[in-house]
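To start, the structure under review is shown below, and the notes come after it.
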Amino acid sequence: FLGSVPVFFIGLVEDLTKGIAPRFRLITFLLIGAVAYFVGGIKVTRLDVPFFDTFMKYSFVSFCFTVIAITGLINAINIIDGLNGLASVVSFSIFLGCAYVAYKTGDYFIATLCVAFAFALLGFILLNYPFGLIFLGDSGAYIIGYYLACVVILLVLRHKEISPWFALSINSYPVYETLFSIYRRKKRGRPITSPDALHLHTLMYRIVVKKVLGINNPVYKNPAVSPLLWILNLWAIIPSVLFYKNSPYLAITFFAFCGVYTWIYYAAIKTKLPKWYYNKSNVKKFTII
């Protein structure tokens, strides 16, 4: 709770003013991660990666890794919040997956938290999808990312039978979207905090749905894209829940998801739009490197 209050208000101020510098937000989230570590006892203590686990025994290393993980997931949910129902349904499915694993391990406290947050999101989804009567905004996306990070870290911390890779694999979509965005911006010589219109959901909105479904009206085109990405997200969620104890399977799940995402992304990049689109939007081409 101590961490969630400043997370929400940082996002709320950004929603209202658009005036908070990315560096200030980053520093704030790092401090919030520190609060979660010291006050909430939310700690990453193992990775199930040879050699690296030796260093995770040191408090400083565990602290740094925890703070970065929490900060990363806070921003990751915000990054995928670009279409009606996308971030909310993705987060809803992740919470339900965590609730199932918590229930299977007898952790009814975390299971209750996850179910409560999932169905709070469901209430939001009913008004957000398909026509966007309300929106998450930065405040909503940040607080969802914060609670997701806390839940998955606690789940792994409290139950040794749960693989640390579970926390990564069940969040494959938002995590890899963030990592890929950082890579893309660095390759294009832009700051990693600068927004762009080259996320996968943006490309699918502009290209795939228009080309495959022939939908021109944005009112219908926006909600038509989200289910495609819900399905992509389930490719990571389902194996993660089924094999939550098995680190090799979870690692394969994550890297397989990364491969599928990358293939879909470059396929979308190569899809051509009609000439009128470029004239209307002043977009010359989609370029990654």
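Numbers here simply count residues along the sequence, with the first being 1. On a predicted model such as this, the values are computed, not experimentally measured, just so you know.
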>> With heavy-atom distances below 4.5 Å as the criterion, would you say the side chains of Phe29 and Tyr142 are in contact?
In response: yes
> Between Ile170, Val115, Leu113, which is the residue that forms a side chain to side chain contact (heavy atoms under 4.5 Å, CB included) with Cys98?
Replying inline: Ile170
>> Can you confirm whether Pro191 sits close enough to Arg185 that some side-chain heavy atom of one is under 4.5 Å from a side-chain heavy atom of the other?
In response: no
>> Closer than 3.5 angstrom, by distance alone: can the side chain of Asp15 be matched with the main-chain N or O of Ser139 as a donor-acceptor pair?
In response: yes
> Under a 4.5 Å cut-off applied to non-hydrogen side-chain atoms, are Phe9 and Glu14 in contact?
Replying inline: no
Could you tabulate the donor-acceptor pairs under 3.5 Å formed by side-chain atoms of residues 232-239, not counting sequence neighbours?
unit_1	atom_1	unit_2	atom_2	d
Asn233	ND2	Ser93	OG	2.9

> Got a sec, which residues hit ring-ring contact (aromatic ring centres under 6.0 Å, His included) with Phe51, two or more places apart in sequence or on another chain?
Replying inline: Phe55
> Under the 3.5 angstrom rule, does the side chain of Ser172 hit a backbone N or O of Phe257 as a donor-acceptor pair?
Replying inline: no
> Which residues satisfy the ring-ring contact (aromatic ring centres under 6.0 Å, His included) test with Phe95, sequence neighbours excluded?
Replying inline: Phe117
> Does the side chain of Ile77 reach to within under 4.5 Å of the side chain of Tyr147, using non-hydrogen atoms?
Replying inline: no
> Excluding sequence neighbours, so at least two apart, what forms side-chain contact (heavy atoms from CB on, under 4.5 Å) with Ala102?
Replying inline: Asp107, Ile110, Ala111, Leu155
>> Using the side chain to side chain donor-acceptor pair (under 3.5 Å) criterion, which residues pair with Ser226? Sequence neighbours excluded.
In response: none
>> Which residues pass the side chain to side chain donor-acceptor pair (under 3.5 Å) test with Ser240, not counting sequence neighbours?
In response: Ser169
Validation: residues 119-136 side-chain donor-acceptor distances under 3.5 Å, sequence neighbours left out:
unit_1	atom_1	unit_2	atom_2	d
Asn128	OD1	Gly85	N	2.6
Asn128	ND2	Ile134	O	2.8
Tyr129	OH	Pro223	O	2.6

> With a 4.5 Å limit on heavy-atom distance, are the side chains of Leu168 and Leu250 in contact?
Replying inline: no
>> Please enumerate all residues that pass side-chain contact (heavy atoms from CB on, under 4.5 Å) together with Cys258, with sequence neighbours excluded.
In response: Tyr176, Phe254
> Among all residues two or more places apart in sequence or in another chain, which pass the salt bridge (charged side-chain N to carboxylate O under 4.0 Å, His left out) test with Arg25?
Replying inline: none
> Quick one: does Ile153's side chain get under 4.5 Å of Lys43's, heavy atoms only?
Replying inline: no
>> If the condition is ring-ring contact (aromatic ring centres under 6.0 Å, His included), which residues does Tyr244 pass it with, not counting sequence neighbours?
In response: none
>> Checking Thr178 now: which residues fulfil side chain to side chain donor-acceptor pair (under 3.5 Å) with it, not counting sequence neighbours?
In response: none
> Is there side-chain contact between Lys245 and Phe166, with heavy atoms separated by less than 4.5 Å?
Replying inline: no
> Out of curiosity, Leu47 CG to Trp165 CH2, how far, rounded to the nearest 0.5 Å?
Replying inline: 8.5 Å
> For the side chain of Asn75 and the backbone of Thr71, is there at least one donor-acceptor N/O pair under 3.5 Å apart?
Replying inline: yes
> So do His199 and Ile80 actually touch side chain to side chain, heavy atoms under 4.5 Å?
Replying inline: no
Could you list the donor-acceptor pairs under 3.5 angstrom formed by side chains in residues 31-39, with sequence neighbours left out?
unit_1	atom_1	unit_2	atom_2	d
Tyr37	OH	Ser59	O	3.4

